Amino acid sequence: MLQVANIIAEKERFIKGLEKRGIADAEALLNEVIALDDDRKKTQQQLDTNLSEANSISKQIGALMKEGKRGEAEVVKSRTAELKTLNKSLGEQLNDFQERLKQALYNIPNIPHDSVPVGKTDEDNEEIERVGDFPQLADNAQPHWDLIKKYDIIDFELGIKITGAGFPVYKGKGARLQRALVNFFLDEAVAAGYAEVQPPIVVNEASGYGTGQLPDKEGQMYHIGSENMYLIPTAEVPITNLYRDVILTEDALPVRHAGFTPCFRREAGSWGAHVRGLNRLHQFDKVEIVQIRKPEESYDALQEMCDHVSRILTKLELPFRKLRLCSGDLGFTSVLTFDYEVYSAAQEKWLEVSSVSNFETFQANRLKLRYKDENKKSVLLHTLNGSALALPRIMAAILENNQTEGGIKIPEVLIPYTGFDLID
RNA sequence: AGAGGCGUGGCAGAGUGGUCGAAUGCGGUGGUCUUGAAAACCAUUGUACCGCGAGGUACCGGGGGUUCGAAUCCCUCCGCCUCUGCCA
């Protein structure tokens with residue numbers, strides 16, 4: 001969430017930033033925050049003064065009791081009774097202001113980067129790079145949902161039987177290819193300097209708030225009612241929350257982590273006729289990369305992460321494009337996001353396979369993730385993350401783009417991982 | 001899951017109603033000494049909020065309560081340990 005001090009100091013910039021996201025009453029929203037913070041401060045000042053007085057009276061009483069002057073002590077007590085009533089109500093007011101301030105801040109998104117183009121939907125995203133050539137497929141080329149049946153490598157019906165729609169079962173060479181991709185992605189990430197972690201895939205409420213999925217995306221996560229926990233929608237949540245309530249020393253930076261997890265998304269309301277096969281699932285596998293950086297380094301880190309995604313897509317020989325998300329498509333917590341889409345040739349569609357974002361201090365502020373600078377001051381860090389990569393759509397593109405009469409060719413880099421070079 | 005025990009500063013570990021933000025040791029930082037290092041000695045060493053400042057307030061797992069006053073007593077939640085049960 002945003003920092004109140006920054007809102008006060010740079011109000012105009014924040015208003016413009018929120019308006020860029022299409023929030024009409026941005027100024028009113030920020031004024032409310034500032035007013036609540038002001039109320040909070042005033043209430044706290046009054047409360048602190050009263051507490052100070054009550055503390056000193058208590059000490060007096062202690063001293064009097066020790067000297068055996070019970071009568072005098074009783075006299076002084078009358079004032080403390082007064083203060084007690086007063087402070088109880090001040091304390092309630094303070095809690096109320098703090099709670100309202102928190103709620104207000106939870107519901108305000110991050111301020112977009114200057115380079116973020118203004119736009120409403122994904123159609124307004126800015127294409128900034130295109131790499132690789134479209135494959136020339138035969139006239140009878142098939143989309144992946146037909147190919148998986150033809151070669152019996154992914155079974156949606158079985159998934160429906162044991163769970164429901166959007167939970168496919170990978171079989172045989174399909175399962176092996178899936179595992180090959182996971183291992184390839186992890187090896188690439190480790191080689192690029194990311195320390196591998198294997199986090200829990202169920203998280204508590206505090207973690208959900210830490211990275212901003214709560215309260216914003218509550219309805220998109222699977223909730224385990226009996227435990228009040230959530231199935232993770234991305235490894236970003238557990239990995240970034242590793243650093244919740246942490247003050248890092250400078251020599252621990254930069255932090256780079258990579259982790260493989262299944263991801264779970266309810267995708268409520270986002271299903272449609274255009275969504276078929278592997279294009280959108282409730283459960284899918286993903287390797288995620290996360291960085292924690294000093295503020296002045298975070299945009300270099302963002303570039304570094306983008307380069308990493310480009311590199312592995314190139315190695316997989318998949319045609320892809322890089323997009324700068326417009327203000328309307330930008331995630332709630334993000335300042336700047338680049339999406340990567342691969343071209344899936346039989347559907348003739350671009351499929352999003354990665355999203356790389358810099359959140360600056362938005363998550364760190366909630367997480368209380370800081371480091372001690374050279375002056376021993378606590379400074380909020382910047383958090384970043386990116387998919388490297390999400391599996392199903394990569395799988396879809398490989399199946400479609402590499403189909404031949406004789407079967408589906410496995411990209412060179414994956415053959416050591418699959419142990420075969422053809423799905424037939 | 002049941003019974004019992006426990007949760008204190010970076011770590012270890014005192015503290016069971018007042019002067020305790022908290023002894024002591026270790027670790028960290030600065031200094032003295034030394035050619036340098038070690039040892040020794042001295043000093044310093046949590047976080048957040050409010051305040052121009054002096055300073056004030058809060059925090060001893062989280063929340064609530066009793067009391068003039070709570071690390072200390074009570075309730076509750078969370079976590080950890082031991083034993084019993086179950087189990088990959």
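Reckoned from all heavy atoms, side chains included, excluding hydrogens, waters and symmetry mates. Remember, predicted model here, so these are calculated numbers, not experimental data.
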Looking at A:Asn55, does any N or O in its side chain come under 4.0 Å of the phosphate oxygens OP1/OP2 on B:rU57? yes
Taking the minimum atom-to-atom distance to the side chain of A:Leu51, which one of B:rC49, B:rC50, B:rU57 wins? B:rU57
If you measure from the P atom in B:rU72 to the same atom in B:rG15, how many Å do you get, rounded? 15 Å
Given the C1' atoms of B:rC59 and B:rG7, what is the spacing between them in whole Å? 16 Å
Counterpart base for B:rC26, defined by Watson-Crick or G-U wobble contacts under 3.5 Å: B:rG10
When rounded to the nearest Å, what value does the distance between P atoms of B:rG85 and B:rA70 take? 45 Å
Whole-Å distance separating the CG atom of A:Asp251 from the C1' atom of B:rG10: 14 Å
For B:rG18, does OP1 or OP2 lie under 4.0 Å from any side-chain N or O of A:Ser58? no
In this structure, how many angstroms lie between the P atom of B:rG51 and the NZ atom of A:Lys42, rounded? 11 Å
Taking the six-membered ring of A:Phe338, is NZ or CZ of A:Lys322 closer than 6.0 Å to its centre and within 45° of its axis? yes
Would you call the rings of A:Tyr222 and A:His282 parallel, tilted or perpendicular, taking 30° and 60° as the class edges? perpendicular
For A:Ser378, report the nucleic acid contact type (base, sugar-phosphate, nothing); a contact means any heavy atom under 4.0 Å. sugar-phosphate
If you assign A:Ser56 and A:Lys376 each to the RNA chain B nucleotide with the nearest heavy atom, which residue ends up on the more 5' nucleotide? A:Lys376
Roughly how many Å apart are B:rU16 and B:rA23, using the C1' atom of each and rounding to a whole number? 16 Å
Whom does B:rG53 pair with, Watson-Crick or G-U wobble, provided both distances fall under 3.5 Å? none
Report the C-alpha distance between A:Phe156 and A:Lys161 in whole Å, list the side-chain angles of each, state the deciding distance to 0.1 Å, and finish with yes or no for side-chain contact (heavy atoms from CB on, under 4.5 Å). CA-CA 9 Å; A:Phe156 279 90; A:Lys161 182 172 85 173; over 6 Å; no
Tell me the interatomic distance from A:Asp38, atom CG, to B:rC49, atom C1', rounded to whole angstroms. 15 Å
Whole-Å distance between B:rU67 C1' and A:Ile57 CD1? 15 Å
Classify the angle between the aromatic ring planes of A:Phe320 and A:Tyr340 as parallel (below 30°), tilted (30 to 60°) or perpendicular (above 60°). tilted
Whole-angstrom distance between B:rC6 and B:rG55, as gauged at atom C1': 39 Å
Counting Watson-Crick and G-U wobble pairs only, both distances under 3.5 Å, name the nucleotide matched with B:rG46, or none. B:rC59
A:Lys102 NZ to B:rA48 P, straight-line distance once rounded to whole Å: 18 Å
State, without any angle test, whether A:Arg276 and A:Asn279 hold a side-chain donor-acceptor pair at a distance under 3.5 Å. no
Rounded at 0.5 Å granularity, tell me how far CD in A:Glu74 sits from CG in A:Leu64. 10.5 Å
Nearest to the side chain of A:Ile247 - B:rU47, B:rG69, B:rC49? B:rU47
Strictly below 4.0 Å, heavy-atom distances to any atom of RNA chain B: list the hits from residues 363-370 of chain A, or just say none. A:Arg370
C1' atom, B:rG69 versus B:rG65: distance in rounded Å? 15 Å
Checking B:rG51, B:rG18, B:rG56 against the side chain of A:Met65 (C-beta onward), the nearest is B:rG18
A:Glu250 CD to B:rU29 P, straight-line distance once rounded to whole Å: 14 Å
When rounded to the nearest Å, what value does the distance between C1' atoms of B:rA22 and B:rG18 take? 14 Å
Give a yes/no on whether any side-chain N or O of A:Gln45 is located under 4.0 angstrom from OP1 or OP2 of B:rG51. yes
Is NZ or CZ of A:Lys173 both nearer than 6.0 Å to the six-membered ring centre of A:Tyr151 and within 45° of the ring axis? no
Let me know the distance between CD of A:Glu227 and P of B:rC77, rounded to the nearest Å. 15 Å
Could you check whether A:Asp37 pairs with A:Arg40 (Lys NZ or Arg NE/NH1/NH2 to Asp/Glu carboxylate O, under 4.0 Å)? yes
Check the side chains of A:Asn358 and A:Ser298 for a donor-acceptor pair under 3.5 angstrom, ignoring hydrogens and angles. yes
With sugar-phosphate meaning primed atoms plus P, OP1 and OP2, does A:Gln44 contact a base, only sugar-phosphate, or nothing at under 4.0 Å between heavy atoms? base
What residues from residues 74-97 of chain A pass a heavy-atom cutoff of under 4.0 Å to RNA chain B? A:Lys77, A:Thr80, A:Lys84
Is the distance from the ring center of A:Tyr106 to that of A:Tyr209 below 6.0 Å? yes
For A:Tyr299 together with A:His382, are the ring centres under 6.0 Å from each other? no
Residue matched to B:rU66 through Watson-Crick or wobble contacts both under 3.5 angstrom: none
Take atom CD1 of A:Ile61 and atom C1' of B:rG69, then tell me their distance rounded to the nearest Å. 7 Å
Gap in Å between the two P atoms, one belonging to B:rG56 and one to B:rA37, rounded: 41 Å
Relative to each other, are the rings of A:Phe362 and A:Phe332 parallel, tilted or perpendicular (30° and 60° limits)? perpendicular
Searching all strands shown, indicate the nucleotide that pairs with B:rU35 (Watson-Crick or G-U wobble; both distances under 3.5 Å). none
